[in-house]
Amino acid sequence: MSKILVTKPFQAPFEEITAEMQRAWDAQWLTNNGPLLKEFEAGLNAYLGTKDCAVVSNGTVAIQVALQALGIKGEVITTPFSYVATTSTIVWEGCTPVFVDIDAKTFNIDPVQIESAITEKTSAILATHVFGVPCDVEAIERIAKTHNLKVIYDAAHCFGTKINGVSVLNYGDLSTLSLHATKLMHSVEGGAIFVNDSSSKVEGLTEPVSPLRYTVNRLRNFGHFGPEVFDGVGINAKNSEIHAAIGLVNLRYADEIMTDRERQHERYDQGLETLALTKPEIAENVDWNKSYYPVVFKSQEEALHVLDGLEACRIYARRYFYPALNTLPYIVRPGKTPNAATISTSILCLPLYFGLEDEKITRVIEEVVRLCNEFRS
Ligand code: T4K
């Protein structure tokens with residue numbers, strides 16, 4: 001019986017990849033904000049309907065640069081239900097994560113709980129649109145305005161998700177995307193920072209950029225302002241022309257990748273209906289990219305029974321996202337987050353990736369149904 005992994009990277013035809021890489025080779029320009037990277041940024045903006053995207057080396061460093069660019073210090077209100085990078089970046093930047101619970105319907109940070117966690121030390125909200133399902137962005141914006149807080153969205157999973165027809169990446173002061181190989185859209189390793197700064201352009205620069213984009217550019221390139229001048233501390237968060245070449249080719253397949261997710265979700269939805277598992281609720285005004293297939297079981301025991309049983313059949317679901325981030329060993333202020341505790345312990349993401357065959361999805365469905373019924377009987 002063949003293995004079914006939770007995910008596999010999308011692979012465009014190799015000749016297309018090499019043809020695009022050839023351009024970088026011929027130009028002998030391999031990294032440092034080269035022409036392919038700029039094309040990739042423009043391509044992302046054009047496809048997503050975003051204004052200003054800065055490509056960086058991965059989705060983790062994208063959050064770090066975002067925190068630095070907005071001068072975030074002190075306490076950052078955040079979600080306990082996300083990938084570890086959402087929390088580790090806050091700690092890495094010397095800030096304190098303050099966890100508030102998630103909404104049991106969307107699995108995203110509950111805005112009602114944000115307000116009561118604000119103190120005089122709070123400087124930002126860092127929320128994840130988990131599995132590409134948008135947070136309550138309007139409520140979060142209202143709270144941020146009232147309390148003068150910055151908003152960063154960890155939008156790692158959000159390529160293609162829209163609210164009222166507009167990319168979710170257009171929300172927050174900054175939104176960050178992951179372009180890691182296992183993401184719906186990728187450049188092998190990579191990330192992007194979407195800058196939502198409509199203030200006037202910085203004077204004296206060759207390229208017209210907003211003040212916030214200027215800061216992001218400077219931070220991702222060691223703080224360089226020209227070859228000999230350094231405007232503050234920076235880091236190397238650049239991405240290469242080789243990664244950009246792969247990203248550019250993958251972008252050509254974006255529609256196909258998104259449509260294929262529809263097929264797979266439909267099949268899972270139909271096949272698993274009788275089990276009445278909990279799935280994230282999608283608001284009517286949202287076009288969800290369906291980047292994952294998360295299902296919450298009735299209990300942790302049921303989820304683990306299914307996980308182990310699937311593994312015995314060479315089907316590898318994953319506990320995305322377990323453990324809840326406020327239970328990480330380095331967290332000093334875990335707070336109380338009962339919804340996150342329940343969901344993180346009883347959730348599984350089922351296999352989902354471009355080209356996953358119908359027969360394999362049927363095999364996963366049959367095993368999940370069998371194992372669940374076995375556990376419940
Ligand atoms: N914020 C959020 C909310 C995130 O989810 C992430 C990353 C980030 C921030 C940070 O973004 P990056 O810095 O990564 O750009 C993976 C990914 O490494 C990580 O990118 C991702 N989220 C996270 C949810 O998942 P693992 O440890 O689960 O992946 P791994 O390597 O075990 O692979 C999963 C499956 O895919 C395996 O069955 C093997 C298969 N696979 C994987 C790779 C890399 C392949 O078949 N081929 C491959 O090349 O973390």
Side-chain angles (χ1 to χ4, degrees), residues 2-12 17 44 54-67 76 78-93 97 102 106-109 126-135 152-159 161 168-169 172 174-194 220 235 237-240 243 246-247 250 280 289 291-294 307 310-311 314-325 328 340 343-344 347-356 360 364:
S2 60
K3 257 193 206 176
I4 308 179
L5 298 178
V6 68
T7 186
K8 277 189 185 178
F10 171 76
Q11 286 183 305
I17 301 278
L44 286 166
V55 165
V56 292
S57 42
N58 58 64
T60 305
V61 94
I63 305 172
Q64 285 172 230
V65 169
L67 287 162
V76 177
T78 190
T79 175
F81 188 65
S82 183
Y83 186 58
V84 67
T86 316
T87 295
S88 62
T89 48
I90 297 173
V91 177
W92 190 274
E93 290 304 323
I102 55 171
T106 61
F107 308 171
N108 286 322
I109 197 163
L126 172 46
T128 301
H129 304 296
V130 78
F131 305 128
V133 176
C135 295
I152 299 170
Y153 285 112
D154 178 347
H157 309 156
C158 286
F159 182 94
T161 290
V168 73
L169 295 156
L174 294 169
S175 280
T176 61
L177 178 73
S178 167
L179 293 161
H180 176 261
T182 57
K183 296 294 184 293
L184 190 146
M185 173 55 51
H186 75 88
S187 55
V188 180
E189 287 284 354
I193 303 170
F194 292 82
R220 76 173 168 178
I235 197 166
K238 293 177 279 98
N239 212 336
S240 79
H243 291 87
I246 297 172
N250 288 351
N289 64 4
S291 49
Y292 290 80
Y293 197 86
L307 182 72
L310 288 176
E311 211 167 307
R314 296 170 54 84
I315 297 169
Y316 299 91
R318 275 285 176 100
R319 298 184 86 189
Y320 291 142
F321 290 100
Y322 173 84
L325 299 174
L328 289 166
I343 291 172
S344 65
I347 197 164
L348 295 182
C349 278
L350 300 182
L352 193 79
Y353 52 85
F354 182 78
L356 177 61
K360 287 195 176 157
V364 178

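Remember, it's 1-based here, ligands and their atoms both numbered in the order they're listed. Counting from 1, the numbers follow the sequence of the chain as shown.
- Centroid-to-centroid, the aromatic rings of H157 and F321 come within less than 6.0 Å.
- In this structure, the side-chain hydrogen bond (donor to acceptor under 3.5 Å, both in side chains) partners of N250, at least two apart in sequence or on a different chain, are H186.
- Put simply, the side chain of R318 never gets that close to the backbone of L5: no donor and acceptor are under 3.5 Å apart.
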Ligand 1 polar-atom proximity to protein (N/O, under 3.5 Å):
residue: ligand 1; atom: 1 (N); partner: D154; partner atom: OD1; Å: 3.2
residue: ligand 1; atom: 1 (N); partner: D154; partner atom: OD2; Å: 2.6
residue: ligand 1; atom: 5 (O); partner: H157; partner atom: NE2; Å: 2.7
residue: ligand 1; atom: 11 (O); partner: S178; partner atom: OG; Å: 3.4
residue: ligand 1; atom: 13 (O); partner: G59; partner atom: N; Å: 3.3
residue: ligand 1; atom: 13 (O); partner: T60; partner atom: N; Å: 3.0
residue: ligand 1; atom: 13 (O); partner: T60; partner atom: OG1; Å: 2.6
residue: ligand 1; atom: 15 (O); partner: G59; partner atom: N; Å: 2.8
residue: ligand 1; atom: 15 (O); partner: S178; partner atom: OG; Å: 2.7
residue: ligand 1; atom: 20 (O); partner: H180; partner atom: ND1; Å: 3.3
residue: ligand 1; atom: 20 (O); partner: K183; partner atom: NZ; Å: 3.1
residue: ligand 1; atom: 22 (N); partner: K183; partner atom: NZ; Å: 2.9
residue: ligand 1; atom: 28 (O); partner: R318; partner atom: NH1; Å: 2.6
residue: ligand 1; atom: 28 (O); partner: Y320; partner atom: OH; Å: 2.5
residue: ligand 1; atom: 32 (O); partner: R318; partner atom: NH1; Å: 3.3
residue: ligand 1; atom: 32 (O); partner: R318; partner atom: NH2; Å: 2.9
residue: ligand 1; atom: 36 (O); partner: T7; partner atom: O; Å: 3.2

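- Legend: residues meeting ring pair (Phe, Tyr, Trp, His ring centres under 6.0 Å) with Y153, ordered by chain and number and at least two apart, are H129.
- Remark: side-chain polar atoms of T161 are paired, donor with acceptor, to backbone N or O of N289 under 3.5 angstrom.
- Every residue meeting the side-chain hydrogen bond (donor to acceptor under 3.5 Å, both in side chains) condition with H243, not counting sequence neighbours, appears here in chain and number order: N239, S240.
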